[in-house]
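I have placed the structure first, in the form of structure tokens, so that the comments after it can refer back to it.
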Amino acid sequence: MKDDTRSRALQVLQSVFGYPVFRGEQAEIIDLIAQGGDALVLMPTGGGKSLCYQIPSLIRDGCGVVISPLIALMQDQVDALAELGVRAAFLNSTQSFDESMRTERALRMGELDLLYVAPERLLTPRCLELLEASNIALFAIDEAHCVAQWGHDFRPEYIRLSVLHERFPGVPRIALTATADFQTRAEIAERLQLGNARQFVSSFDRPNIRYQIVEKENVRRQLLDFIQSEHAGDAGIVYCLSRKKVEETAEFLNESGVPALPYHAGMEHAVRSRHQSRFLREDGIVMVATIAFGMGIDKPDVRFVAHLDLPKSLEGYYQETGRAGRDGTAANAWMAYGLQDVVQQRRMIDESDADDNFKRVQSAKLDAMLGLCETLTCRRVRLLDYFGQQSAPCGNCDTCMSPPSAFDATEAVQKLLSTIYRVGQRFGAGHVLDVLRGSDSEKIRQWRHQDLSTFGIGSDKAEAEWRAILRQVIAFGLVDIDHENYGALKLSAQARAVLKGEQQIMLRRYLKPVKSKRTSVKPKGFTETDLSTEQQSIFERLRWWRVETARTHNVPAYVIFHDASLREIAKAMPVSLDALRQVSGVGEKKLESYGEQIIALVNDVSAAA
Ligand code: ADP
Ligand code: ZN
């Protein structure tokens, strides 16, 4: 029996999905669910979670029910499955009464392999009765971290999903998420009553993503420079904190010749979904968005994710950057970070109405995020360590590739701290730095601060250098910001030891940002198949063919074939269906739908060459 499900699963993988082998723990997970067990699966974005419930749904009797909050993506998911010859449908509030009636009937008649349902829909008495009257193969709870109350994706309906266990005790359940932290994992297991489920925790490393954090100066220029030099023509996501900044940045990129679209929760729903759909369907669009954008976006060829503002936590940073490079080929996670980010994030925590306990948690999360920004060692090691995973320096992040230099900043920090103290801990960064550097300003004259003993003792350093020092000192908690008092800088309890000379302070040396050179984003260990001129022209033709085909079928291009499959076809130059079948990503249904066309196209180009 056991070997039977195993070989059946492999056969489905090959014939339906066209992939030769399972990845990571997919085989074990599928085996467990196919045999009726429960599982909690933590796998990074792009790890291949969908197959973990799609294949058991195809093997088991009945229909697999997938619960997902991502209504806007269901149509694409169902279309993608249809391309593979899988009978899939969805139930959510976007469809007409007739459509949902048709889907309900198909489910009852046993004509569906997979059904996607929004959680609020699932919980209606009508839907639960429908499920009871139908043959259900399994329940897959996607984006399971939505059950976590402190996460930013919390959905109250998710808590009520424990009803599945009570009403369908015999149906296996699989909960899946790309969120890695222990607390969320425990919360999922508890709230969904998955205490007895087997947990599968994959490595959270995304080796194809290159992490870079640069010092913020003129952030728009820096962004444009980064896109033009490293990502001309690529699809990417740019995250900003505010809606206003989203709109301004999108406009700026467009004016500079980079096709960009804004996306935030304040936009009209129809416009927002049009932008999302263009991003998914067209090549080379840059989405400028707040964090409202991105959950569940499974566009495989997003080549970069840029942050113009500091995320609140490493969980957020990891999740957002993880949307780059799902197809496993080289991608960039780029962030610009500066003093203002630290000040702003600290203020947001201080000024929120949350209780003290919540604020403490947020503050600890921010500290971990700041630790990543200020680290003198490998970013990836830091990031994975936060998720409880040990690793060695990666060679594919900015600190590995050009190690920052540290310097003994004890004296400089003492100067800064005493200046803060001398001005009575009542002034913000701008004024403190003016006093320190001995500048002339009206405010200085007004308060007679030119008479202070610390006036001008920091004139040896440029303002940008001082800002970098102040940023780090705030990040490390030596200086607090009094938000109730117009952002006045105050010494923390820890500052005393430094002022008394009892503690040495090493800081990251300020480096003037340089214009980025066109560097290859190809990380070590990744080989992009090199194509001959003839193969290259086949590849180009295939891409055109894909655009046309995707348009006729009204699906995103990657639903037809991924770039990687097209490249492989171009390289193999198949002359028969059997040869084409060997290409990863070419299953039986696609072979039947497109095989002849592709072989004719390959022949055409070869004949012309
Ligand atoms: P996740 O939901 O974990 O982010 P997906 O399920 O969307 O990831 O899978 C990411 C990509 O990897 C998809 O394009 C999928 O088709 C591909 N994939 C998944 N499993 C395999 C496999 N065993 N072999 C080849 N490609 C795979
Ligand atoms: Zn590294």
Side-chain angles (χ1 to χ4, degrees), residues 9-10 12-14 16-30 41-55 66 68 70 73 76-77 80-81 83-84 86 114 140-145 174-180 200 202-213 280 294-302 318-319 322-329 331 333 372 375-385 391-404 523-524 556-565 568 583-587 590:
L10 186 62
V12 171
L13 178 76
Q14 293 169 346
V16 177
F17 297 89
Y19 298 136
V21 287
F22 283 114
R23 265 193 203 158
E25 293 182 298
Q26 281 176 333
E28 284 74 36
I29 299 167
I30 290 169
V41 172
L42 287 87
M43 215 184 251
T45 306
K49 286 184 285 299
S50 336
L51 289 187
C52 297
Y53 55 81
Q54 288 168 345
I55 293 184
V66 186
S68 163
L70 307 167
L73 301 175
D76 281 350
Q77 284 167 323
L81 286 164
E83 285 290 326
L84 297 168
V86 174
L114 274 156
I141 302 164
D142 207 3
E143 312 292 346
H145 60 279
I174 172 171
L176 311 102
T177 176
T179 303
F200 294 88
S202 307
S203 161
F204 273 81
D205 189 18
R206 300 286 310 279
N208 59 318
I209 297 181
R210 174 175 293 175
Y211 299 100
Q212 280 173 273
I213 301 178
L280 293 176
M295 206 203 341
I297 290 292
D298 54 3
K299 187 176 169 61
D301 54 359
V302 175
Y318 178 80
Q319 209 174 54
R323 290 168 188 147
R326 284 172 85 116
D327 55 9
T329 60
L372 179 80
T375 185
L376 292 163
T377 57
C378 174
R379 307 252 190 229
R380 194 180 312 270
V381 167
R382 267 310 265 247
L383 191 58
L384 292 176
D385 181 60
S391 62
C394 71
N396 191 30
C397 73
D398 55 355
T399 55
C400 279
M401 293 187 306
S402 43
K524 269 189 280 177
Y558 60 81
V559 163
I560 305 293
F561 282 117
H562 284 186
D563 275 357
S565 297
E568 221 184 293
V583 172
S584 178
V586 183
K590 287 192 178 169

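Since we're looking at a predicted model, the values are computed, not measured. One-based numbering, in listed order, for ligands and for the atoms of each.
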*Lys299 vs Pro556 side-chain heavy atoms within contact, under 4.5 Å*: no
*Rounded to 10 degrees, the angle SG of Cys397 makes with SG of Cys378 at the Zn ion (ligand 2)*: 110°
*With side chains defined as the heavy atoms from C-beta onward, is the minimum distance between Leu13 and Ile55 less than 4.5 Å?*
yes
*Supply the atom-to-atom distance Leu73 CG to Ile297 CD1, rounded to the nearest 0.5 angstrom.*
5.0 Å
*Ionic contact status for Asp298 with Arg326, cut-off 4.0 Å*: no
_Angle subtended at the Zn ion (ligand 2) by SG of Cys394 and SG of Cys400, nearest 10°_ = 120°
*Would you please classify the geometry between the Tyr558 ring and the His562 ring as parallel, tilted or perpendicular, with 30° and 60° separating the classes?*
perpendicular
_Residues around ligand 1, heavy atom under 4.0 Å from any ligand atom, sorted by chain and number. Can you pull those?_
Tyr19, Val21, Phe22, Arg23, Gln26, Pro44, Thr45, Gly46, Gly47, Gly48, Lys49, Ser50, Leu51, Arg326, His562
*Give a yes or no answer on whether the side chain of Arg206 reaches the backbone of Gly322 with a donor-acceptor pair at less than 3.5 Å.*
yes
*asked:* Please evaluate residues Val86 and Gln54 with respect to the criterion side chain to side chain contact (heavy atoms under 4.5 Å, CB included), reporting the C-alpha separation (whole Å), side-chain torsions for both, the decisive distance (0.1 Å), and the verdict.
replied: CA-CA 9 Å; Val86 174; Gln54 288 168 345; over 6 Å; no
